Amino acid sequence: MTGGAVPDPFTGSADWLPDPPRPVVATPAAMGGQLRGRRVIIGLPGHGWRHDLRADETVVQGSRTYVPVMPESEWYRAEAELTEVFAPLVPIERVWVEELGMVGTGRTGANDVVSRLVSLDEPPRRSPVAALDAGALTGRRVVQLLEDGGERRDLRAVTELHTSDDGDICARVAAELDWYRWSWSGRAPRTLEVPVHLLWVE
């Protein structure tokens with residue numbers, strides 16, 4: 001009998017599920033760091049939150065610090081076409097930056113109401129959900145897990161789950177810039193078919 005590692009029979013199988021991607025956690029923008037181009041959340045504790053926004057660098061007016069914030073679609077258009085866009089100034093204490101946290105332990109899949117309750121003091125942690133369990137996909141932010149264990153983010157799903165020509169269950173995704181360009185130019189994005197076991201919703 002020869003030595004060496006025993007191959008994992010589940011690797012490469014659609015039944016084998018890799019670890020989920022890292023969750024999105026909110027960090028107060030006032031904690032510092034560059035903000036330009038970062039995904040941010042704005043809101044007021046006890047009232048609610050707004051996502052899918054991007055920030056520019058802070059602006060100081062008098063004794064207060066503000067963050068220029070714009071819808072993500074406007075950010076992408078400004079960057080792609082080198083144009084100026086209107087960005088309302090939001091007090092920095094009402095802005096949180098989306099960061100990637102640590103992977104949680106296991107897939108709880110808890111659906112009861114008590115497990116879903118959150119504090120209104122800050123934006124809640126957003127744990128990724130497997131595409132198979134996420135319901136409708138089209139237009140949602142998704143993460144593609146790579147074979148080497150890495151993650152590919154800044155993607156949007158452009159289809160629901162379907163069967164590929166090879167008989168695999170998958171969905172098509174596009175780079176987020178191409179997804180937004182589709183809306184302002186009408187040019188359909190280039191897409192990639194991703195097997196469902198490698199696809200998660202942010």
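Treat the numbers as computed from the prediction; the structure is a model and nothing was measured. All heavy atoms count here, side chains included; hydrogens, waters and symmetry mates do not. The chain is numbered in sequence order, starting from 1.
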In short, I41 meets A26 closest at the heavy-atom pair CD1-CB, 4.2 Å
Shared ILVMFWY cluster between V194 and I169, side chains joined below 4.5 angstrom? yes
Stepwise side chain to side chain contact (heavy atoms under 4.5 Å, CB included) check, R181 with E81 = CA-CA 10 Å; R181 183 183 279 125; E81 300 190 347; over 6 Å; no
Worksheet item: Does the side chain of E98 come under 3.5 Å of the side chain of H51 through a donor N or O and an acceptor N or O?
Response: no
Shortest non-hydrogen pair, S73 vs W184, comes out as O-CZ3, 4.1 Å
Does the side chain of D154 come within less than 4.5 Å of R39's, by heavy atoms? yes
Scanning both residues in full, the closest heavy-atom pair of D121 with P45 reads O-CG, 3.5 Å
Separation between CH2 (W75) and CG (L53), nearest 0.5 Å, reads 12.5 Å
- Student check: side-chain heavy atoms of V67 and R94 closer than 4.5 Å: no
same_hphob_cluster(V196, V158) at 4.5 Å side-chain heavy-atom cutoff
no
_Applying side chain to side chain contact (heavy atoms under 4.5 Å, CB included) to E99 and V24, what does each step give before you reach the verdict?_
CA-CA 6 Å; E99 305 273 7; V24 173; over 6 Å; no
Next on the checklist: Could you check whether any side-chain N or O of E160 sits under 3.5 Å from a backbone N or O of L137, counting only pairs where one atom can act as donor and the other as acceptor?
Outcome noted: yes
Query raised in the report: Side chains of Y180 and E72: do they bring a donor and an acceptor to under 3.5 Å?
Result: yes
- With no hydrogens and no angle check, is any side-chain donor or acceptor of R22 less than 3.5 Å from a backbone partner on G101? no
Exercise. Counting only N and O atoms by type, is there a donor-acceptor contact under 3.5 Å from the side chain of E57 to the main-chain atoms of L35?
Worked result: yes
Take F86 and E74 through the side chain to side chain contact (heavy atoms under 4.5 Å, CB included) test and state the conclusion after the steps.
CA-CA 9 Å; F86 175 73; E74 291 295 298; over 6 Å; no
Q.
Between W49 and P124, is there a side-chain heavy-atom distance shorter than 4.5 Å?
A. yes
Open item on the list: Is there a side-chain contact between V85 and R77 in this structure, where contact means two heavy atoms from C-beta onward sitting under 4.5 Å apart?
Closed with: no
Determine whether Y66 and Q61 satisfy the following criterion, side-chain hydrogen bond (donor to acceptor under 3.5 Å, both in side chains), listing intermediate values before the conclusion. CA-CA 8 Å; Y66 297 89; Q61 293 184 351; 5.0 Å; no
Find out if a path of hydrophobic residues (ILVMFWY) with successive side-chain heavy-atom gaps under 4.5 Å connects Y76 to W182.
yes
Shortest non-hydrogen pair, P20 vs W200, comes out as CB-CH2, 3.4 Å
A131 and L161 have their tightest heavy-atom pair at O-CD1, 4.3 Å
Between E176 and the options R156, R153, R141, the side-chain hydrogen bond (donor to acceptor under 3.5 Å, both in side chains) test singles out R156
Next on the checklist: Please check: side-chain N/O of D166 versus main-chain N/O of D168, any donor-acceptor pairing under 3.5 Å?
Outcome noted: no
- prompt: Is there a side chain to side chain contact (heavy atoms under 4.5 Å, CB included) between T27 and R38 once you walk through the steps?
  reply: CA-CA 12 Å; T27 302; R38 302 290 300 278; over 6 Å; no
Mind checking whether L199 and L132 sit in one hydrophobic cluster, side chains of I, L, V, M, F, W, Y counted as touching below 4.5 Å?
yes
What do you reckon, is CG of D148 surrounded by more than 12 foreign heavy atoms closer than 6.0 Å?
yes
Between T159 and T138, the two heavy atoms sitting closest are C-OG1, 3.4 Å
ILVMFWY network linking W179 to V142, side-chain heavy atoms under 4.5 angstrom: no
* Under 3.5 Å, is there a donor-acceptor pair between the side chain of T58 and the main chain of T65? -> no
Q | Minimum side-chain heavy-atom gap P23-P128 below 4.5 Å | A | yes
_Does atom CG (L192) have a neighbourhood of more than 12 heavy atoms from anything else shown, all under 6.0 Å?_
yes
Cationic N near anionic O, under 4.0 Å, R172 to D178: no
